Amino acid sequence: MTELVLATNNANKLREIQAQLALPSVRVLSPREAGVPANFDVEETGETFTENALLKAKAFAAIAHAPVVADDSGLMVHALNGEPGVHSKRWIPGSDHDRNMHLLEKLKDQSDREAEFITVLALYLPDTDTAHFFEGRVSGKIGAEERGNAGFGYDPLFIPDGYTQTFAELGEEVKNTLSHRARAVQKLKVFLEAWQEGSDADVSTISRSY
Ligand code: IMP
């Protein structure tokens, strides 16, 4: 049994990733289960999703002394030159709803509503000081108003390509089949399966040792 600590205090993310990473031989632990204090947080000072994911993974691993998976995600809006991007979480002070209103205001009278959610997952193995990265993306559009109650963040505004409903309307089960995070987790899952079999052949991942 491989135990992985998920470096997040976000209960939504923990639930999403635990559901997506269902493998008989992998147990995904919350930070609390791995002895990380409840209020432990890491400042996301990186300039890229990759930097932030690695920063978080290493900080949690230093306490948990175990393999850690950390994710950094964000929304990139085409008409805003990729904003809010790595700043998605704290784009403006206030609540998720406030940030959604801010986004709608910025896109007022804007016909280009293209956007993309991105997740980078970092798997950090403290024993070998090695990190592996897995990226997932989903394209869509920013709706005209908030719709739906499921999920978090920008979910009430994001309409994935091929759908007419927002992530918040589609709900967790559908979102988990097509989201940026689901796609990154899928790559991690393939990697873990190969890793456990002792093979590193053909793993569709960006990995590096440093
Ligand atoms: P984090 O740094 O990975 O926690 O994500 C940064 C921010 O991106 C979150 O606080 C949300 O505002 C936004 N975000 C990331 N993933 C999602 C998602 O699946 N749905 C909606 N918003 C998201």
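All values derive from a computational prediction rather than experimental measurement. Both ligands and their constituent atoms are indexed starting at 1 by order of listing. Along the sequence shown, residues are numbered consecutively beginning with 1.
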Item to complete: Scan V69, V5, D129 and name whichever one has a side-chain contact (heavy atoms from CB on, under 4.5 Å) with Y124.
Response: D129
Yes or no: does [X] have any heavy atom under 4.0 Å from an atom of ligand 1?
X    : value
G151 : no
F167 : no
R99  : no
D72  : yes

Atoms in ligand 1 with a heavy atom of [X] nearer than 4.0 Å:
X    : value
E44  : 2 (O)
G74  : 8 (O)
H180 : 16 (N), 17 (C), 18 (C), 19 (O)

Tell me: protein heavy atom nearest [atom], and distance?
atom                    : answer
atom 8 (O) of ligand 1  : S88 CB, 3.3 Å
atom 20 (N) of ligand 1 : D155 OD1, 2.6 Å
atom 5 (O) of ligand 1  : S73 O, 3.1 Å
atom 22 (N) of ligand 1 : Y154 N, 3.1 Å
atom 1 (P) of ligand 1  : K13 NZ, 3.2 Å
atom 16 (N) of ligand 1 : R181 NH2, 2.7 Å
atom 10 (O) of ligand 1 : K89 CG, 3.4 Å

Worksheet item: Can you list the steps and then say if N10 with T8 is a side-chain hydrogen bond (donor to acceptor under 3.5 Å, both in side chains)?
Response: CA-CA 5 Å; N10 180 328; T8 182; 5.2 Å; no
Discussion item. For the 3.5 Å polar cut-off, considering only N or O atoms, please tell me whether K175 and ligand 1 meet it.
Written reply: yes
Practice prompt. Assign the ring pair F117 / H180 to parallel, tilted or perpendicular, where the plane angle (0 to 90°) is split at 30° and 60°.
Written response: parallel
Item to complete: Measure the acute angle between the ring planes of F40 and F60, then classify it against the limits of 30° and 60° as parallel, tilted or perpendicular.
Response: perpendicular
Discussion item. So, taking the atom named CG in D72 and the one named NZ in K89, what distance separates them when rounded to the nearest 0.5 Å?
Written reply: 8.0 Å
Worksheet item: How many angstroms lie between OG in S179 and CD in Q20, if you round to the nearest 0.5 Å?
Response: 5.0 Å
Worksheet item: Between G153 and D96, what is the shortest heavy-atom contact and its length?
Response: N-OD2, 2.9 Å
Item to complete: Would you mind checking if E105 and K108 are paired as a salt bridge, meaning a charged N to carboxylate O distance below 4.0 Å?
Response: yes
Worksheet entry | Side-chain ion pair, E135 and K187, N-O less than 4.0 Å | no
Worksheet entry | Residue H102 excluded, over 12 heavy atoms near NE2 under 6.0 Å | yes
Worksheet item: Of the choices F158, W91, F117, which has the non-hydrogen atom that lies closest to atom 23 (C) of ligand 1?
Response: F117
